[in-house]
Enquirer: 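Next up is a structure, given as structure tokens.
Reminder, nothing fancy here: chain letters follow the sequence lines and each chain counts from 1. Keep in mind that what you see is a predicted model, and the values were worked out from it rather than measured.
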2 protein chains.
Amino acid sequence: MDIRGSRGPAMTDVARLAGVSHQTVSRVLNDHPNVKEQTRLRVRAAIAELGYRPNRAARTLVTGRSQLLGVVTLNSTLFGPASLLAAFEQAAAESGFAVSVASVVRLDRESVAAAVDRHLDQRVAGLVVIAPTASAGEGLAALPAGVPVVTIDGDPNRAHGLVTVDQVAGARAATRHLLDAGHRTVWHVSGPPDWYDAAGRIEGWRRTLLEAGAEVPPPVQADWSAAAGYSAGQMLARMPEVTAVFTANDHLALGLLRALYERGRRVPEDVSVVGFDDVPEAAFLIPPLTTVRPDFAAVALAGLDLLLAQMTDSEAAPGRIVVKPRLVVRNSVRT
Amino acid sequence: MDIRGSRGPAMTDVARLAGVSHQTVSRVLNDHPNVKEQTRLRVRAAIAELGYRPNRAARTLVTGRSQLLGVVTLNSTLFGPASLLAAFEQAAAESGFAVSVASVVRLDRESVAAAVDRHLDQRVAGLVVIAPTASAGEGLAALPAGVPVVTIDGDPNRAHGLVTVDQVAGARAATRHLLDAGHRTVWHVSGPPDWYDAAGRIEGWRRTLLEAGAEVPPPVQADWSAAAGYSAGQMLARMPEVTAVFTANDHLALGLLRALYERGRRVPEDVSVVGFDDVPEAAFLIPPLTTVRPDFAAVALAGLDLLLAQMTDSEAAPGRIVVKPRLVVRNSVRT
DNA sequence: TTGCCTCATGTTAGCGATAACACCGCTTGG
DNA sequence: CCAAGCGGTGTTATCGCTAACATGAGGCAA
């Protein structure tokens with residue numbers, strides 16, 4: 001069955017079987033117009049009979065471009081990055097691209113640069129970097145010109161090649177919602193300060209308070225974990241003046257909820273809470289969590305579009321897309 | 001060094017600059033022994049000066065094998081698969097392999113076969129399939145011989161090329177723990193019945209009850225979601241005879257906890273609950289969840305080892321590794 | 001000296017595809 | 001009636017690398 005050793009059939013084998021030249025096989029494979037219908041059929045039959053599959057390496061070698069897209073992301077099960085990766089892979093597959101992942105344990109410049117390098121070695125056709133901190137963004141500095149790149153969740157001030165969630169708008173909606181519920185002010189448990197997401201959420205929260213003439217309490221700095229939310233909650237629960245808290249993500253909210261519960265502060269009767277992300281569990285916390293939902297699928301899709309645009313037309317100034325999140329109202333805010 | 005268009009330096013460019021033949025450059029790159037130290041240095045210098053990076057496509061073409069490992073997984077943010085993917089990517093990168101991901105929306109035979117095909121097109125050097133159902137496993141049936149494959153979380157009865165968590169042992173530990181706490185029997189909220197994980201957990205639970213001479217209540221069938229856990233909980237909360245529940249994962253437990261809370265059944269005073277997975281949030285539920293922790297990193301590492309063993313020595317019968325999970329005791333079981 | 005083996009290196013021939021061009025037989029238009 | 005155009009196909013040259021063999025300079029034993 002094997003034609004040449006263990007290497008599987010090549011184009012010439014198909015050509016021989018179909019009684020044409022290998023070039024004609026190539027034309028059929030690439031949907032070239034000038035091929036007689038009958039020939040096309042014969043070639044297709046031969047391909048099927050041999051179970052032939054084109055060798056991507058050979059094609060990449062001669063064309064200089066692969067059908068591989070590289071993703072650099074944080075190696076974690078954090079909901080945001082994981083959702084983004086899943087959604088992007090899905091979208092890329094539908095467009096006929098394979099996705100190679102190079103993840104990074106820390107978001108420092110060297111790690112990101114190394115991950116990017118691994119992708120360049122593979123001759124990826126384009127690169128998506130999920131780079132939520134400034135240090136991660138710096139890893140892109142040494143990138144050779146001409147490589148299509150899209151940054152997801154990167155520096156919101158970047159002019160091009162960026163897709164991001166409008167963190168500020170999301171935080172505003174959350175804060176606004178709490179103020180509208182009658183709270184005098186809103187406390188904030190923030191994410192790691194070097195993350196753009198965290199910074200944007202702080203900014204949206206602060207600006208909304210300022211505009212409403214409300215007092216701006218100091219943000220409680222945390223990371224993205226439930227553990228940090230719990231610690232923050234232990235402190236906030238002791239302060240009777242705290243009646244509304246906006247946490248930078250849902251897992252922080254989860255930890256916070258537990259701390260409030262332990263101290264006997266009821267949610268939403270005594271304290272209102274709003275999260276961010278809308279993880280699938282948010283609707284089943286005690287109480288169901290009002291939160292802000294970013295559309296990760298939309299972000300991933302936009303990222304792919306931007307990347308493909310750069311790849312087909314390298315002149316095109318890559319755009320900048322900001323996806324607005326929306327508030328999902330449940331029962332963790334008093335009405 | 002453009003990825004497309006202007007093609008960057010090739011081996012011959014390095015050779016010219018170093019005043020040697022391209023073959024010598026190749027030797028240096030592949031750490032061939034017979035190269036004079038001085039020459040090696042000259043070549044290295046030339047490589048650095050030009051910023052040369054070898055073209056993987058060319059190498060793959062001539063050697064017939066890439067440095068790419070393919071992973072087939074469920075496209076989701078489910079904790080298990082996501083953790084496994086992250087851990088595997090990490091391990092592979094440390095061994096110098098790139099990882100390409102082909103995810104699948106449904107675990108049916110066709111989808112999995114298609115994902116596998118996409119990887120074969122890329123000439124991956126090996127394949128890891130995170131195939132938690134029988135239907136997914138069937139997608140591997142048509143795999144050409146000679147492709148190294150490892151299945152993670154697949155059919156536990158497979159003799160080789162399998163790495164899995166000992167679901168039965170985990171479930172036994174959970175059930176045992178509940179019985180030891182004095183419960184007459186233990187109810188079970190199960191995962192999707194076509195998942196091996198779910199089946200194993202049911203079996204471990206059932207066998208432990210039988211061995212203890214306890215009554216075996218009908219398992220409440222669910223999926224992996226908090227929503228399903230909530231539904232199950234609404235039913236179980238109404239049944240006063242239910243005092244201990246083992247859920248197939250932590251998200252189910254989360255939903256269950258909420259349902260119990262709403263019905264005024266206290267945990268652990270009235271009802272004890274044990275989950276599975278030990279998601280990072282488990283310690284911060286109300287109350288902190290006693291659960292079973294599988295070591296995903298160990299599973300991923302073992303999978304990689306098995307794969308590399310197959311790749312270097314195709315004769316070696318690929319092994320079979322079962323990783324034992326451990327019980328993490330918190331406060332959701334009455335003492 | 002001859003012969004042969006050992007380094008260190010060069011030369012040549014592919015790997016399997018695409019690109020560019022050549023070619024052949026038919027229409028067409030002037 | 002002949003040049004030009006076009007559709008359909010084949011031929012040849014690459015892409016950048018590794019494998020296999022070739023070469024040539026020394027070293028050393030007989």
Side-chain angles (χ1 to χ4, degrees), chain A residues 2-44 46-47 50-68 120-125, chain B residues 1-44 46-47 50-68 120-123 125:
Chain A
D2 255 271
I3 310 235
R4 299 159 2 284
S6 59
R7 277 177 92 108
M11 204 174 253
T12 48
D13 300 311
V14 176
R16 197 175 316 119
L17 182 61
V20 297
S21 75
H22 66 132
Q23 181 61 290
T24 298
V25 177
S26 170
R27 290 192 180 101
V28 171
L29 247 39
N30 295 299
D31 290 319
H32 213 84
N34 294 347
V35 179
K36 222 198 307 189
E37 193 53 28
Q38 191 194 344
T39 313
R40 192 183 302 275
L41 258 35
R42 271 217 317 282
V43 170
R44 289 252 163 76
I47 288 177
L50 293 177
Y52 165 78
R53 45 170 34 107
N55 185 322
R56 300 254 181 179
R59 178 185 303 206
T60 299
L61 179 57
V62 67
T63 60
R65 45 185 346 190
S66 64
Q67 288 283 99
L68 235 201
L120 294 181
D121 276 353
Q122 299 277 331
R123 293 294 198 274
V124 293
Chain B
M1 273 41 40
D2 222 296
I3 281 190
R4 22 177 261 123
S6 65
R7 271 176 178 255
M11 205 174 252
T12 49
D13 300 313
V14 176
R16 199 176 312 119
L17 182 60
V20 297
S21 76
H22 66 153
Q23 181 61 292
T24 298
V25 177
S26 171
R27 289 192 180 100
V28 171
L29 247 38
N30 295 301
D31 289 319
H32 215 82
N34 294 348
V35 179
K36 224 199 306 189
E37 193 51 29
Q38 189 193 345
T39 313
R40 193 184 300 275
L41 260 35
R42 271 217 316 282
V43 170
R44 288 252 164 76
I47 288 176
L50 293 176
Y52 165 78
R53 43 168 37 105
N55 186 321
R56 301 253 182 181
R59 178 185 305 208
T60 299
L61 180 58
V62 67
T63 61
R65 50 189 341 204
S66 65
Q67 286 282 98
L68 236 200
L120 294 180
D121 277 353
Q122 300 274 330
R123 293 293 197 274

Enquirer: Are any non-hydrogen side-chain atoms of Thr24(A) and Arg42(A) less than 4.5 angstrom apart?
Expert: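 Not in contact.
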Enquirer: I need the minimum non-hydrogen distance between Leu61(B) and Ala57(A), along with the two atoms involved.
Expert: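 Scanning both residues, the minimum pair turns out to be N-CB, 4.0 Å.
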Enquirer: Answer whether the closest heavy-atom distance between the side chains of Leu29(A) and Ile47(A) falls below 4.5 Å.
Expert: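 Yes. Closest side-chain heavy atoms under 4.5 Å.
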Enquirer: Can you check whether Gln122(A) reaches Ser66(A) side chain to side chain, under 4.5 Å on heavy atoms?
Expert: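 SC-SC contact between Gln122(A) and Ser66(A) ruled out.
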Enquirer: Using a 4.0 Å heavy-atom cut-off across all strands, classify Thr24(A) as base, sugar-phosphate, or nothing.
Expert: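 Sugar-phosphate, no base atom in range.
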Enquirer: Distances for protein N/O vs nucleotides 20-24 of chain C N/O pairs under 3.5 angstrom?
Expert:
{"unit_1": "dA20(C)", "atom_1": "N6", "unit_2": "Gln23(A)", "atom_2": "NE2", "d": "2.8"}

Enquirer: Which comes earlier along DNA chain C counting from the 5' end, the contact point of Ser21(B) or that of Asn30(A), where each point is its nearest nucleotide?
Expert: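 First, find each residue's nearest nucleotide; the 5'-ward one identifies Ser21(B).
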Enquirer: Name every residue in residues 33-44 of chain B that has at least one heavy atom under 4.0 Å from any atom of DNA chain C, in order of residue number, or write none if there are no such residues.
Expert: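 When residues 33-44 of chain B is checked for heavy atoms under 4.0 Å from DNA chain C, the hits, listed by number, are Asn34(B), Val35(B), Lys36(B), Thr39(B).
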Enquirer: What are the two closest heavy atoms between Val35(B) and Arg40(B), and how far apart are they?
Expert: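 Heavy atoms only, the tightest pair is O-NH2, 3.4 Å.
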Enquirer: Atom CG of Asp121(B) and atom P of dG16(C): how far apart are they, to the nearest Å?
Expert: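 Going from Asp121(B) (CG) to dG16(C) (P), I get 15 Å.
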Enquirer: Quick one: bend of the helix from dT1(C)-dA30(D) to dG30(C)-dC1(D) from 5 pairs per end, to 10°?
Expert: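 About 50° separates the two local helix axes.
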Enquirer: Quick check: do Thr39(B) and Val28(B) have side-chain heavy atoms less than 4.5 Å from each other?
Expert: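 Thr39(B) vs Val28(B): side chains apart.
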Enquirer: Which residues pass the side-chain contact (heavy atoms from CB on, under 4.5 Å) test with Leu17(B), sequence neighbours left out?
Expert: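 If we apply the side-chain contact (heavy atoms from CB on, under 4.5 Å) test to Leu17(B), skipping adjacent residues, the hits are Ala46(B), Glu49(B), Leu50(B).
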Enquirer: Starting at atom CZ of Arg56(A), determine the distance to atom P of dA17(C), rounded to an integer number of angstrom.
Expert: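 Computing the Arg56(A):CZ to dA17(C):P distance gives 12 Å.
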Enquirer: 5' to 3' on DNA chain D, which nucleotides open and close the contacts with chain A (atom under 4.0 Å from a heavy atom)?
Expert: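 Going 5' to 3' along DNA chain D, contacts run dG8(D) to dG16(D).
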Enquirer: Could you give the CE-to-P distance, from Met11(B) to dT11(C), as a whole number of Å?
Expert: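 Rounding to the nearest Å, CE of Met11(B) and P of dT11(C) are 16 Å apart.
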Enquirer: Looking at every non-hydrogen atom in both residues, tell me the closest pair between Val25(B) and Val20(B) and how far apart they are.
Expert: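 That closest heavy-atom pairing would be CG2-CG2, 4.0 Å.
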Enquirer: What is the distance from atom NE2 of His22(B) to atom CZ of Arg16(B), rounded to the nearest 0.5 Å?
Expert: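 CZ of Arg16(B) is found 12.0 Å from NE2 of His22(B).
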Enquirer: For His32(B) and Asn55(A), find the nucleotide of DNA chain C closest to each by heavy atoms; which residue's nucleotide sits nearer the 5' end?
Expert: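 In this pair, the answer is His32(B).
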Enquirer: On the nucleotide dT18(C), are OP1 or OP2 found under 4.0 Å from the side-chain N or O atoms that Ser26(A) carries?
Expert: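 So the side chain of Ser26(A) is within the cut-off, an N or O lying under 4.0 Å from OP1 or OP2 of dT18(C).
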Enquirer: I'd like to check the side chain to side chain donor-acceptor pair (under 3.5 Å) partners of Arg53(A); sequence neighbours left out, ordered by chain and number.
Expert: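 Side chain to side chain donor-acceptor pair (under 3.5 Å) check on Arg53(A) returns Asp117(B), Asp121(B).
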Enquirer: Sequence neighbours left out, what passes side-chain contact (heavy atoms from CB on, under 4.5 Å) with Val62(B)? Give chain and number order.
Expert: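 Expected list: none.
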Enquirer: Quick one: salt bridge (Lys or Arg N to Asp or Glu O under 4.0 Å) partners of Arg27(A), sequence neighbours excluded?
Expert: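 Salt bridge (Lys or Arg N to Asp or Glu O under 4.0 Å) list for Arg27(A), sorted by chain: empty.
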